[in-house]
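Start at 1 with the first residue, then count along the sequence.
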Amino acid sequence: MEKLGKIFVDKQKSNDEKQKDLKDSLFAKGLEAAGFNEEEQNTLREIEKATQEAIQDVKEIWKRFVRKEYVEETVEITRHKFGSSVDSSLIASQAATILEDPERSKIMKRYETELREIIKPKSIKLIFLPDLSGSMGEDERRAVQEACYAVSKSLYLFRDEMAVNSEKGKSPLQVETAMIGFGSTTSILPHEKEIKEENTRLNRSILDIGSVNLGGTRNAKALEKARDMFTANDLEKIKATELLAIVIEITDGETETEVESIKLVDELNTKGIFTKGIKIPGFNMINEKTNKPYTPEELEQVESLRGTFERVYRQHGKTLSALKQLKSVLLKLLAKAESKEVKKP
């Protein structure tokens, strides 16, 4: 009877609900196959469920940053029966073909102009700097987990969708992501593990954000390490708008390295590496006067939230009080990176 009841319930579900169930099932099986234990799987499922809407929201942002261009190219075409001139140099080399199968010979030459579609940037390099200091409580860490997960997954999905829409079945966009946790020291995440598979590395890093404690708050060390991840070749690609470089620190706000951090934020942004800060006081932080979560406007006025974050990041920093604001906050922070798509003539 229980099995029959389940079959009846399944038949009553809409296609969207069935698709969601299938997606959830595949996600769970993927976590199990990757070696995550039951507690870890439950945490990751909670984060995945909480971020589904934000992932779709943020995915739309990448469309604003990746633009299409159309360049004219002159293409040389050699044929047997068509063309405007005979290239005598080709006749001798193809004598056998002309005698045996003249249709395949190429002794005529002409030039055509073609429009070729290219994208810019060709690659995106995204580095997160999550605050793993002792001052980060459980709520703050979960907020950082959700923000990092939503942005990373949105970028992966956007890249993969470009592959589906590509004639060659391969995405024209290359994506590279990294996470550098910081406290008194820094740690490349996943902590003390090297994982190549993209989704497993992301999931393990997200779990580390919730558990790894690196002591004090010296974000300059993480900014230095992020700077060093960009090679001279990367900087040339940034100048040529072939690489979109983004560094995002997510923190509860304070740092012990204010002067050094200010210099590094300025240096990175001057190099064309969009280096931004997101302050997370904890999602849905309650305003004691209204007994409701602070609005973004109210948070800007809360004196207890002012401090080194504002001085370090200035126009490059924003406060995020709820995950639903992630898209608008990122758009404001990355406004200068946005480019309109160039339409085909």
> Under 4.5 Å between side-chain heavy atoms, hopping through other hydrophobics if needed: is there a path connecting Ile209 to Ile195?
Replying inline: no
> Is any side-chain heavy atom of Glu60 closer than 4.5 Å to a side-chain heavy atom of Phe158?
Replying inline: no
>> When you compare the side chains of Gln52 and Gln56, does any donor N or O come within less than 3.5 Å of an acceptor on the partner?
In response: no
>> What I want to check is whether the side chains of Thr177 and Tyr156 have a donor and an acceptor closer together than 3.5 Å.
In response: yes
> Hey, what's the ring geometry for Phe309 with Tyr313, parallel, tilted or perpendicular (30° and 60° as the breaks)?
Replying inline: tilted
> CZ/Phe274 to NE2/His316 distance, rounded to the nearest 0.5 angstrom?
Replying inline: 10.0 Å
> Can you find a pair of side-chain heavy atoms, one from Glu40 and one from Leu31, that are under 4.5 Å apart?
Replying inline: no
> Could you state the interatomic distance from CG (Leu264) to CG (Asn269), rounded to the nearest 0.5 Å?
Replying inline: 11.0 Å
>> Does atom CD (Glu53) have a neighbourhood of more than 12 heavy atoms from anything else shown, all under 6.0 Å?
In response: no
> Any side-chain donor paired with an acceptor under 3.5 Å for Glu254 and Thr308?
Replying inline: yes
> Can you find a heavy atom in the side chain of Leu126 that is under 4.5 Å from one in the side chain of Val175?
Replying inline: no
>> How about CD on Glu194, more than 12 heavy atoms from neighbouring residues, nucleotides or ligands closer than 6.0 Å, or not?
In response: no
> How far apart are the C-alpha atoms of Glu39 and Thr43, what are their side-chain angles, what is the distance that settles it, and do they pass the side chain to side chain donor-acceptor pair (under 3.5 Å) test?
Replying inline: CA-CA 6 Å; Glu39 182 181 354; Thr43 298; 5.6 Å; no
> Pick from Met162, Lys122, Glu161: which one makes a side-chain contact (heavy atoms from CB on, under 4.5 Å) with Leu173?
Replying inline: Met162
>> Could you check whether Glu46 pairs with Arg142 (Lys NZ or Arg NE/NH1/NH2 to Asp/Glu carboxylate O, under 4.0 Å)?
In response: yes
> Thr186 and side-chain contact (heavy atoms from CB on, under 4.5 Å): which partner among Ile180, Asn219, Leu214, Leu132?
Replying inline: Ile180
> With a 4.5 Å limit on heavy-atom distance, are the side chains of Asp131 and Glu140 in contact?
Replying inline: no
> How close do Ala50 and Glu146 get, heavy atom to heavy atom, and via which atoms?
Replying inline: CB-OE2, 3.7 Å
> Would you call Leu333 and Ile278 a side-chain contact if the rule is heavy atoms closer than 4.5 Å?
Replying inline: yes
>> Within this structure, what is the CE-CD distance for the pair Met229 and Glu176, rounded to the nearest 0.5 Å?
In response: 8.0 Å
> Should the heavy atoms of other residues, nucleotides or ligands under 6.0 Å from CD of Gln315 be counted, would the total exceed 12?
Replying inline: yes
> Would you say the side chain of Val151 lies within less than 4.5 Å of the side chain of Trp62, judging by non-hydrogen atoms?
Replying inline: yes
>> Taking the cut-offs as 6.0 angstrom to the six-membered ring centre and 45 degrees off its axis, would you call Lys271 and Phe230 a cation-pi pair?
In response: no
>> If I take atom CD from residue Glu138 and atom OG from residue Ser211, how far apart are they, to the nearest 0.5 angstrom?
In response: 12.0 Å
> Looking at CD of Glu267 and NZ of Lys263, how far apart are the two atoms once the value is rounded to the nearest 0.5 Å?
Replying inline: 10.5 Å
>> Restricting to non-hydrogen atoms, name the atom on Leu326 and the atom on Ala147 that form the minimum distance, rounded to 0.1 Å.
In response: CD2-O, 4.2 Å
>> One pair to check against side chain to side chain contact (heavy atoms under 4.5 Å, CB included): Ser187 and Leu189. What are the steps and the verdict?
In response: CA-CA 6 Å; Ser187 174; Leu189 302 182; 4.2 Å; yes
> Ser133 and Arg141: which non-hydrogen atoms are nearest, and at how many Å?
Replying inline: O-NH2, 3.1 Å
> If you measure from NZ on Lys318 to NZ on Lys276, what distance do you get to the nearest 0.5 Å?
Replying inline: 10.0 Å
> Heavy-atom distance under 4.5 Å between the side chains of Phe27 and Glu48, does that happen here?
Replying inline: yes
> Less than 4.5 Å apart, any side-chain heavy atom of Lys59 and any of Lys153?
Replying inline: no
